[in-house]
Every structure is written in C-alpha cells, then in structure tokens.
Amino acid sequence: MKDAEKLNIIIVGTGYVGLTTGMALGYLGHRVICVDKDTAIVDKLERGISTIYEPGLEELLRDGRETVTFCGDMLEHLPEADIVIIAVGTPSKSNGDTDLSYVEGVASEIGQAMDPESPPVIVNKSTVPIGTARRVETVIKEELVKRGVSCCFSVASNPEFLREGSALHDTFYPDRIVVGTEDVQALNLLRQMYAPILEQTFTPPQAVPRPETGSLPALVTTSPTSAELIKYTANAFLAMKISFINEFASIADKVGADIVEVAKGIGLDKRIGPGFLKAGPGWGGSCFPKDVRSILFTGSQYNCDMQLVQAALEVNRKQRKKVIEKVQQSLKVIRGSTIGVLGLAFKPNTDDIRESPAIDVIRELLDMGARVKAYDPVARDKYRQNFPEQNIIYCDSAAEAAQESDALLLLTDWDEFRHLPWPEFGDNMKSKIIIDTRNMLDSNELRSSGFTYSGIGR
Ligand code: UDX
C-alpha cells in the first residue's frame, strides 16, 4: 500500500473483534494503535502473545506487526488519528437491553482529547443498539462543549460479521462491508481503509489463505440507523434459521427421517442456501444470544413484538432439554451413570464457552445424579475456571472421557472427534452408547463398531 493511502487508525478494545480487525488493518499496511485499558493484555500483546484463540492470529502477531502498536491509553495518539474504531464490549443487561457504558466511556475520552482542527472519523464496530451512532455523537459534543470548543465530526456505523474461530478469514474475505454514514468524507476514508479488502489486492497471509470463490466483497453504504439494524437482522435471521432446522429435527426424530438429508434437500434451493442448517444442541456464543435479546428489547420499546425472533429464542432454550431427552432415551437411567462429554466450547476452533450448550446440559446431568467426565481440545481450562463448583472429571483426551463411561455425548463438532478409533473406544466403555448432537459422525461406522448411535433428527 502506497504511503499516501496508509491511514492512522486507533482501535479501542482488543477482544476477538478489535484485535482481529486491528491486526488485519495493520497487515494491510495501515498504522494501527490497538488500545486496551487492561494493561496485562497490552503487555502480552506487545510481547507477541495472543490473548484470544483465533486461527491465524499468533502468526500475524509474530510476522505482521510492523505497523501495529499496543497501548493502554489513546489520548496522546488521538490528534494524529484519521479514524478511531470503537470495538469494546457491549454486554447484555438482565432485561436484554445493551450496556453501552464502555462505548460511552470511549466516546467521552475522544471528546476530551480530540483535536477540533482535525477531528478523526469515529466508527462504531461493536454491535450496538439502533441509535448508538447518534448517542456517541452527543457524548462527544458534550465533552467538546465542556472544553469550550466545537467542530464538525461524524460517527459512522461499521458492524462486524466475524464468526469466532474464523474471525481473520471473515475480516480479509467478507461477503460485504457495511458502512452507515451521511458524511461523504467519512465514507471515502473508510473506503480507503478497506480498499485492499474490497479489491482483494493484498497478498493473503500464509495462515489465512484466500478462498477460491473469487467474488469481490460488496460495499453497502447506507444510513447509520440502517447499518445498525442490518447487524441485528443478520444475526436474528441466522439464529432463527438454526432454530428452524432444530424444530424440524424434532419432527424428523419422531417420523424416522434424517434431518441432515432434509437440510441438504432444502439447502440446494438458492433461495434458502445450505448455510446454518446444521441441527444441533442449539446456538450459543457471545453474539446470537446477546443480539437476539437486544433486538427483542428494542422491539418492545417500539411496541413491535417480533414473534418469529421470540420463537427462535424459545426453540433454542428447549433444544438443550432435547439433548437430555436423547440421553434418557439411550441410557434409560441417568442417576449413577458415567457420561463422557466431548466438547465444551460453544463451537469448534474457539476457547469461548459463553452460553455453550455444554453449560446447561452438564448442569442438568449433574443435577440428575450423573458422573460427568469432560474433554475439550481448547476450552477445558476456561470451563473449569468458570464453573469451579461443578463436580466434573476433566480429561486430557477423548479416549480418557470414554474410559469406563456408560455413554459418550458429543456436544462440540471439533474436527478431532470425526474419526476416533471407535472399536477401541467401545471396548473401554461400560456400554457402547453415543449421542452425536452435531450429527457429525458416520452413523454406519459407529453402528458397525457395536455402538447404539443417536443424533439430533437422525
Ligand atoms: C455469529 C455470526 O455468525 C457472526 O456473523 C456475528 O458477527 C457473530 O455471531 P459466532 O457466534 O462466532 O458468529 O458463531 P457462529 O459460527 O455463527 O455459530 C453460532 C452458534 O450457532 C454456535 O453455537 C454454533 O454451534 C451454532 N450453529 C451454527 C448451529 O447450531 N448450526 C449451524 O448450522 C451453524
């Protein structure tokens, strides 16, 4: 990237969105300052140690950091910043509303220290409720008034669509980039920032190869409000799509159909598409649950009752119970049984356990008097830290979790579970029962190894 096109970018928040985005923009040649209040995180990142588990991030921290620095305070860097990206946490409140205190805290700091002669473009990347771009603008203006200065600046909405476990891939090769602003100059600056991605002119990082699809990302330009709503609509639709197939998995179970084949049969219709039609134990993570509750809260504020989104949430809650029913159908008596759980993370390729199905399922199995042995390639320690009170036997391998177990319960579709030595596993189990809640295993292979196999909807 030519010098003229390089921008000075501050990105506040080094979670899986902020750090991923910061490292990707740095790799593209921009001068990026990643800011985090937690100096322990800053210190680790400065030493090239990744504070989150994201495929490809370690490599970028090691090799792609020429123009990236980390610090605990952005104030001294604000004056020369072209763009300030807000990527801090926006946790759920108990009533489903979104806690904007971190976002507003950053907005205040910007208002206190930005140079009114050369204001940066402020960008909301965190998932924020409708109207937050305007809220951030108001907070900054209030700080400027306190300083006795005023200036024209703009706050744009630029929501992320990153999946945990493929956040760098989704950053470098997005389907689309959404920019919500009424300010042409701000739009041009963001277009410049994303130009290498929009044109796919950059050399792919070794750890994040370019997919063959070949189509260039689209740039969607709209108002800040529409951009904010795009984010919620996308996540609510994806969550609903998963709950939809999970609902049909219940019927498939009853009538003896195979939901994997049903999903294939509908997904080939281009109007439906094959993605996000994998039946399972229900969705988890830090986004779908939070965003669905947040948009339902917003709907309630505008007297829109959003029944379909509400139903998606209800189906998802019940899906955990369906997993317990599956275990009961297979094991008959849960009390006093030993159940080997494969997978604790809410999805593969991440150590994130937030709202993972494993949390509700394991809690219920323990309450029903089962002995639980659990293995996860990456998320075990985080799980143990979060649930010290749960009396779980943590294992170092899938084989250990299977040893002497009455049943194996696969909850997370980690690749390493796909082709385990099933005959050997079966020989070491008390009974050869496997419940594959991700429908990821070859049921014929399991059955020919003497297992009683059940999936979700197959
Ligand atoms: C999601 C959105 O995909 C992403 O665009 C947004 O920016 C953040 O939220 P993420 O939560 O990281 O990303 O994971 P995702 O891969 O979307 O999976 C969400 C949940 O749905 C996981 O629990 C996953 O196991 C489940 N899932 C996903 C299914 O049960 N079936 C599917 O077919 C796909």
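All ligand and atom numbering here is 1-based and tracks the order in the structure.
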Run the salt bridge (charged side-chain N to carboxylate O under 4.0 Å, His left out) test on D170 and R163 for me, step by step, so that the C-alpha distance in whole Å, both residues' side-chain angles and the decisive distance to 0.1 Å come before the verdict. CA-CA 7 Å; D170 295 346; R163 292 163 296 163; 2.7 Å; yes

Do R384 and Y394 meet the cation-pi criteria used here (NZ or CZ under 6.0 Å from the six-membered ring centre, within 45° of the axis)?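 Cation-pi check for R384 and Y394: passes.
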
Taking salt bridge (Lys or Arg N to Asp or Glu O under 4.0 Å) as the test, write out the residues that go with R210, two or more places apart.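 Checked R210 against salt bridge (Lys or Arg N to Asp or Glu O under 4.0 Å); zero matches.
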
Table please: side-chain donor-acceptor pairs of residues 252-268 below 3.5 Å, with sequence neighbours left out.
unit_1 : atom_1 : unit_2 : atom_2 : d
D253   : OD1    : K326   : NZ     : 2.8
D253   : OD1    : G457   : N      : 3.3
D253   : OD2    : K326   : NZ     : 3.1
D253   : OD2    : G457   : N      : 3.2
D258   : OD1    : V260   : N      : 2.7
D258   : OD1    : E261   : N      : 3.4

Within the distance-only criterion (no hydrogens, no angle test), does the side chain of T90 pair as donor or acceptor with the backbone N or O of T127 below 3.5 angstrom?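 A pair under 3.5 Å: yes.
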
Under 3.5 Å: N or O atoms of ligand 1 paired with protein N or O:
unit_1   : atom_1 : unit_2 : atom_2 : d
ligand 1 : 5 (O)  : F161   : O      : 3.3
ligand 1 : 7 (O)  : E160   : OE1    : 3.0
ligand 1 : 7 (O)  : L162   : N      : 3.1
ligand 1 : 7 (O)  : L162   : O      : 3.0
ligand 1 : 7 (O)  : K231   : NZ     : 2.8
ligand 1 : 12 (O) : E164   : N      : 2.6
ligand 1 : 14 (O) : K347   : NZ     : 3.4
ligand 1 : 16 (O) : K347   : NZ     : 2.9
ligand 1 : 23 (O) : G284   : N      : 3.0
ligand 1 : 23 (O) : F346   : O      : 3.2
ligand 1 : 25 (O) : F346   : O      : 3.4
ligand 1 : 25 (O) : R438   : NH1    : 2.9
ligand 1 : 31 (N) : K278   : O      : 3.0
ligand 1 : 33 (O) : L277   : N      : 3.4
ligand 1 : 33 (O) : K278   : N      : 3.0

Pairs meeting criterion salt bridge (Lys or Arg N to Asp or Glu O under 4.0 Å) with involvement of residues 49-62, two or more places apart: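 Output for this query is empty, none listed.
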
